[in-house]
Chemist: 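Sharing a structure with you now.
In this text the structure is predicted, and so the values were computed from the model without any measurement.
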Amino acid sequence: VPESIPGFICATSKRNISHIVWLRTIVYSNKQITFGKLGGRLIKLLEEYLLNQADTILANGKDTAKHYLKNFNLNKDIHVINNACKNDILQILPFPDYKPFNRKMRVAYLGRYAVSKGYETFFDLSRDSDISAVVEIKSWGWGTNKEWEDSPCNQGKYTPEDIARILEWA
């Protein structure tokens, strides 16, 4: 929502500017955690208004587009630009048989370190000594929480080219 406001202001000026909004996450449900149900509803109304003012709406996945089309009263289509991971790369990964007595189970988290993504639970599990005895937990991503960024399980940022290597590790 905050990123959309400057675009809205520019697009409504007398200039010949296209207003394109790229939906990367479901804003109102993420903000509902911070601002409660009433705040979430107000943000949803503002978000719906701003989206309807846009010339073009893009989404980073079919699931995000489907959510907005189902839950918002939009007067235009949403164009999908799929996430940057090629399925053909993932289809050639060897998936070894997991033998619990051979090695620890490995769990990988990829993405933004945020409460709304469940990372707080993942981080807490990575620090649990009973779980660490049988599960190796690593995370690749980014966030704003210093404690999470400094955690031994944090492996840093990743690129789409790293995904196959990370999944092979897991």
Side-chain angles (χ1 to χ4, degrees), residues 1-7 21-44 46-47 50 57-68 70-71 78 80-170:
V1 173
E3 297 88 355
S4 184
I5 294 172
V21 176
W22 181 11
L23 301 171
R24 296 184 54 221
T25 187
I26 299 166
V27 173
Y28 80 90
S29 50
N30 287 343
K31 296 301 179 189
Q32 193 167 357
I33 293 168
T34 306
F35 297 107
K37 286 187 178 185
L38 178 60
R41 286 189 187 129
L42 291 172
I43 290 169
K44 182 179 177 184
L46 176 61
E47 189 176 15
L50 291 171
I57 303 173
L58 305 173
N60 74 337
K62 292 176 187 173
D63 57 334
T64 302
K66 182 179 175 182
H67 175 84
Y68 274 90
K70 178 182 174 191
N71 294 294
I78 297 176
V80 175
I81 298 175
N82 288 309
N83 289 317
C85 181
K86 295 181 181 178
N87 288 339
D88 57 340
I89 293 172
L90 299 179
Q91 291 171 356
I92 60 171
L93 286 176
F95 291 100
D97 292 332
Y98 174 68
K99 297 177 179 61
F101 299 107
N102 186 10
R103 65 170 172 86
K104 289 182 179 183
M105 178 186 288
R106 294 177 177 166
V107 178
Y109 175 99
L110 287 84
R112 184 167 52 96
Y113 302 162
V115 172
S116 61
K117 303 278 187 188
Y119 190 77
E120 182 176 30
T121 302
F122 187 87
F123 175 76
D124 290 343
L125 291 172
S126 75
R127 296 173 47 162
D128 184 293
S129 59
D130 292 332
I131 291 174
S132 296
V134 292
V135 179
E136 188 176 358
I137 296 175
K138 291 186 178 182
S139 59
W140 286 263
W142 59 94
T144 57
N145 183 311
K146 179 119 174 82
E147 184 180 19
W148 295 349
E149 290 281 329
D150 293 341
S151 164
C153 75
N154 178 25
Q155 305 302 301
K157 294 181 180 180
Y158 66 95
T159 65
E161 293 78 19
D162 297 325
I163 292 174
R165 178 184 51 78
I166 293 168
L167 292 177
E168 281 183 307
W169 169 84

Chemist: Between atom CD1 of Ile131 and atom CG of Asp124, what is the distance when rounded to the nearest 0.5 Å?
Modeler: 9.5 Å

Chemist: Not counting sequence neighbours, which residues clear side-chain contact (heavy atoms from CB on, under 4.5 Å) with Ala108? List them please.
Modeler: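 Testing Ala108 for side-chain contact (heavy atoms from CB on, under 4.5 Å), a comparison that skips the adjacent residues, returns Leu110, Trp140, Ile166, Trp169, Ala170.
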
Chemist: For Lys146, what residues pass the salt bridge (charged side-chain N to carboxylate O under 4.0 Å, His left out) criterion, not counting sequence neighbours?
Modeler: Asp150

Chemist: Indicate the atoms forming the closest heavy-atom contact of Lys62 with Val80, along with that distance.
Modeler: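 So the two residues come closest at N-CG1, 3.8 Å.
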
Chemist: I'd like to check the side-chain contact (heavy atoms from CB on, under 4.5 Å) partners of Trp22; sequence neighbours left out, ordered by chain and number.
Modeler: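 Checked Trp22 against side-chain contact (heavy atoms from CB on, under 4.5 Å); matches are Arg24, Leu58, Asn60.
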
Chemist: Any side chain to side chain donor-acceptor pair (under 3.5 Å) pairs touching residues 152-161, not counting sequence neighbours?
Modeler: Tyr113-Asn154, Thr159-Glu161, Thr159-Asp162

Chemist: Apply side-chain contact (heavy atoms from CB on, under 4.5 Å) to Lys66 and list each qualifying residue two or more places apart in sequence or on a separate chain.
Modeler: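 With sequence neighbours excluded, Lys66 shows a side-chain contact (heavy atoms from CB on, under 4.5 Å) to no residue whatsoever.
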
Chemist: Contact between Leu125 and Val135 at the side-chain level, heavy atoms closer than 4.5 Å - yes or no?
Modeler: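 No; the side chains remain at least 4.5 Å from each other.
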
Chemist: Please give me the minimum heavy-atom distance between Tyr119 and Cys153, naming the atom from each residue.
Modeler: OH-SG, 3.7 Å

Chemist: Side-chain contact, heavy-atom cut-off 4.5 Å: Ser151 with Trp148?
Modeler: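 With C-beta onward as the side chain, the pair stays apart.
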
Chemist: Would you please name every residue forming a salt bridge (charged side-chain N to carboxylate O under 4.0 Å, His left out) with Glu147, sequence neighbours left out?
Modeler: Arg127

Chemist: So, the side chain of Ser132 versus the backbone of Ser129: is there a donor-acceptor pair under 3.5 Å, distance only?
Modeler: no

